[in-house]
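Down below is the structure, laid out as structure tokens.
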Amino acid sequence: MGWPARSRSHPRIQGQFDIFLTIDKGFEFEHNMKKLSFGVIVLETANNQMPSYERVLDELVRLIQCVAPGQVVRISDPER
């Protein structure tokens, strides 16, 4: 992905992406979203177990179709 090893706070994302999917709840506060050419979806789940991700899968698929470049959308696990 082009993340520099020495600085996690200033990533250089190389390549073409439509969506960046992350569990980093602070991503939008650590980066200038206006400069990104892709949308960001932040997953907020109860834990890092597969059932937590399965509960948000339908919402994730729906949001992938409509997130705009530079936009941040959060998906929360209903059991969180």
Side-chain angles (χ1 to χ4, degrees):
M1 287 242 340
W3 301 106
R6 61 181 178 180
S7 176
R8 191 170 123 69
S9 63
H10 295 95
R12 294 179 323 186
I13 300 173
Q14 300 172 352
Q16 287 259 339
F17 301 95
D18 294 324
I19 300 294
F20 181 73
L21 182 63
T22 183
I23 60 171
D24 181 357
K25 295 177 182 127
F27 188 89
E28 66 191 288
F29 306 108
E30 299 166 357
H31 307 287
N32 185 347
M33 302 309 297
K34 293 178 183 177
K35 290 187 176 184
L36 297 181
S37 61
F38 49 85
V40 176
I41 298 176
V42 179
L43 291 177
E44 297 177 340
T45 57
N47 53 49
N48 201 20
Q49 301 297 314
M50 193 54 133
S52 293
Y53 295 109
E54 290 170 342
R55 287 190 292 270
V56 298
L57 184 59
D58 290 338
E59 181 72 1
L60 174 61
V61 170
R62 186 186 71 75
L63 287 174
I64 286 173
Q65 304 301 316
C66 62
V67 175
Q71 180 183 16
V72 177
V73 177
R74 294 178 176 274
I75 300 175
S76 294
D77 180 354
E79 293 188 21
R80 185 176 149 248

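As the structure is a prediction and not an experimental result, all values here were calculated from the model.
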Q: Provide the closest heavy-atom pair for P78 versus V56 in the form atom of the first, atom of the second, distance.
A: CD-CG1, 4.4 Å
**Q.** CA sep, side-chain torsions, deciding dist, call: R55, E79, salt bridge (charged side-chain N to carboxylate O under 4.0 Å, His left out)
**A.** CA-CA 9 Å; R55 287 190 292 270; E79 293 188 21; 3.6 Å; yes
Q | Gap separating the CZ atom of F27 from the CG atom of L36, nearest 0.5 angstrom | A | 5.5 Å
Q | Residues, nucleotides or ligands: over 12 heavy atoms within 6.0 Å of N32 CG | A | yes
(Q) For a 4.5 angstrom cut-off between non-hydrogen side-chain atoms, does D24 reach V42? (A) no
Q. Any side-chain heavy atom of V40 within less than 4.5 Å of one from E28?
A. no
Q. Side chains of L21 and L43: does their closest heavy-atom pair fall under 4.5 Å?
A. yes
Q. Should the ring pair F38 and F17 be called parallel, tilted or perpendicular, given that the plane angle runs from 0 to 90° and is split at 30 and 60?
A. perpendicular
Q) Does the side chain of I23 reach to within under 4.5 Å of the side chain of Y53, using non-hydrogen atoms? A) yes
Q: List the atom of A46, the atom of D77, and the distance in Å for their closest heavy-atom pair.
A: N-OD2, 3.3 Å
(Q) Does N47 have more than 12 heavy atoms from other residues, nucleotides or ligands lying within 6.0 Å of its CG? (A) yes
Got a list of side-chain donor-acceptor pairs under 3.5 Å for residues 61-73, not counting sequence neighbours?
unit_1 : atom_1 : unit_2 : atom_2 : d
R62    : NE     : E59    : OE1    : 3.3
R62    : NH2    : E59    : OE2    : 2.8
Q71    : OE1    : A68    : N      : 2.8

Q: Give the cluster check for L60 versus M50: same hydrophobic cluster or not, with ILVMFWY residues linked at side-chain heavy-atom distances below 4.5 Å.
A: yes
